[in-house]
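As the structure lists them, so they are numbered: ligands from 1, and atoms in each ligand from 1.
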Amino acid sequence: LSLKDEVSKLTQKPNMVVIQVGDNPASNVYIKQKTKMAEYVGYGYRHLKLAENVTEDALIHEIDSLNMDKSVHGILVQMPLPSHIDANKIQNAVLPLKDVDGLSDINAGKLFHMSDGLFPCTPLGVMELLKRYNISVLGKHAVVIGRSNLVGKPMSVMLTNAGATVTLCHSKTNDLAKYTKMADILVVCVGKPKLITSDMVKEDAIIIDVGINRTDDGLCGDVDYDNVCNKCSFITPVPGGVGQMTVAMLGNNLLNS
Ligand code: NAP
């Protein structure tokens with residue numbers, strides 16, 4: 001069943017609140033995509049925009065009242081936050097059951113322990129993409145580049161939980177190509193245009209490009225798509241690949257919440 005069909009069968013419409021602090025242009029784009037998804041699927045949706053100079057205490061107070069509001073099922077605090085606010089503290093202020101971004105310590109622990117919870121949308125989107133294309137990860141060597149709490153680290157845990165043998169690389173990795181050349185599945189979550197070139201990938205590898213980079217030529221990923229696409233068996237484009245899956249999985253998390 002599609003998400004839209006599942007939501008149409010519910011007696012109570014799921015409601016999500018997105019909190020934005022300030023007016024970051026990239027955040028405005030991401031919030032617009034989330035609004036469109038919510039409208040399409042049939043969710044209730046509220047965008048709460050707070051001033052750039054809102055205090056950490058005032059923001060936590062807002063989150064607390066949404067935590068207690070039974071008509072609100074999902075709360076998402078759009079990152080990045082201004083530097084005077086501790087992002088980790090804010091992510092943990094959201095009730096884990098309403099944490100549709102899956103970024104609280106409790107949900108990270110649940111992912112680690114393979115229990116039910118709400119998990120970060122981008123790596124969830126990658127797992128869903130692999131599933132929909134009937135790509136089994138069991139026994140495969142998956143190499144993940146990037147170790148952020150948002151993408152790389154949960155990605156490596158999800159692949160491990162699904163039975164892949166995982167290597168996690170980052171900026172301190174010596175000889176990155178040594179690892180990327182061994183990957184059956186390569187997931188790149190760095191934020192550096194064309195970091196991965198065709199000489200760095202194995203023949204017929206499966207390439208998932210998570211990176212989104214704004215360049216003078218427009219949006220591009222972390223993989224040199226035009227050259228790598230002739231060598232691999234699957235590759236995700238940027239834009240139009242993992243980004244759309246991320247928004248879809250947010251919708252899924254709200255349904256689960
Ligand atoms: P991040 O927090 O900046 O993390 C980047 C990671 O890449 C870090 O772990 C860093 O290593 C590693 N790294 C940096 N330079 C490297 C290099 N030369 N070689 C190997 N590793 C390197 O970024 P993020 O939030 O994870 O996002 C990563 C990218 O994905 C960005 O382009 C972002 O826009 C994109 N993104 C896309 C989606 C989507 O829906 N498609 C969602 C979220 C993010 P250290 O830890 O050692 O610094």
For [atom], the protein heavy atom that lies nearest, with its residue and separation:
| atom | result |
| --- | --- |
| atom 27 (O) of ligand 1 | Val151 CG2, 4.3 Å |
| atom 8 (C) of ligand 1 | Arg147 N, 4.0 Å |
| atom 18 (N) of ligand 1 | Leu195 CD1, 4.0 Å |
| atom 36 (N) of ligand 1 | Val210 O, 3.7 Å |
| atom 24 (P) of ligand 1 | Ser148 OG, 3.7 Å |
| atom 48 (O) of ligand 1 | Ser171 OG, 3.5 Å |

Which one holds for [X] and ligand 1: side chain close, backbone close, both close, or neither close, with close meaning a heavy atom under 4.0 Å?
| X | value |
| --- | --- |
| Val190 | both |
| Asp222 | neither |
| Met245 | neither |

Next on the checklist: For Thr180, run the side-chain contact (heavy atoms from CB on, under 4.5 Å) check against Thr173, Ile196, Leu195 and tell me which one passes.
Outcome noted: Ile196
Next on the checklist: Within the structure, is a non-hydrogen atom of Ile145 found at a distance of less than 4.0 Å from ligand 1?
Outcome noted: yes
Item to check | Any Cys189 heavy atom less than 4.0 Å to ligand 1 | outcome: yes
Next on the checklist: Using a plain distance cutoff, I'd like to know if Gly152 has any nitrogen or oxygen under 3.5 Å from a nitrogen or oxygen of ligand 1.
Outcome noted: no
Item to check | Distance (rounded to the nearest 0.5 Å) between Asn24 CG and Tyr30 OH | outcome: 9.0 Å
Which atom pairs, donor and acceptor, lie under 3.5 Å between side-chain atoms of residues 154-170 and protein residues at least two apart or in another chain?
{"from": "Ser156", "atom 1": "OG", "to": "Lys153", "atom 2": "O", "distance (Å)": "2.7"}
{"from": "Thr160", "atom 1": "OG1", "to": "Ser156", "atom 2": "O", "distance (Å)": "2.6"}
{"from": "Asn161", "atom 1": "ND2", "to": "Leu111", "atom 2": "O", "distance (Å)": "3.1"}
{"from": "Thr167", "atom 1": "OG1", "to": "His141", "atom 2": "NE2", "distance (Å)": "2.7"}
{"from": "His170", "atom 1": "ND1", "to": "Lys172", "atom 2": "N", "distance (Å)": "3.2"}

Let me have the donor-acceptor pairs involving side chains of residues 203-212, under 3.5 Å, with sequence neighbours excluded, atom names and distances please.
{"from": "Asp209", "atom 1": "OD1", "to": "Gly211", "atom 2": "N", "distance (Å)": "3.3"}
{"from": "Asp209", "atom 1": "OD1", "to": "Asp222", "atom 2": "N", "distance (Å)": "2.8"}
{"from": "Asp209", "atom 1": "OD2", "to": "Asp222", "atom 2": "N", "distance (Å)": "3.1"}
{"from": "Asp209", "atom 1": "OD2", "to": "Val223", "atom 2": "N", "distance (Å)": "3.0"}

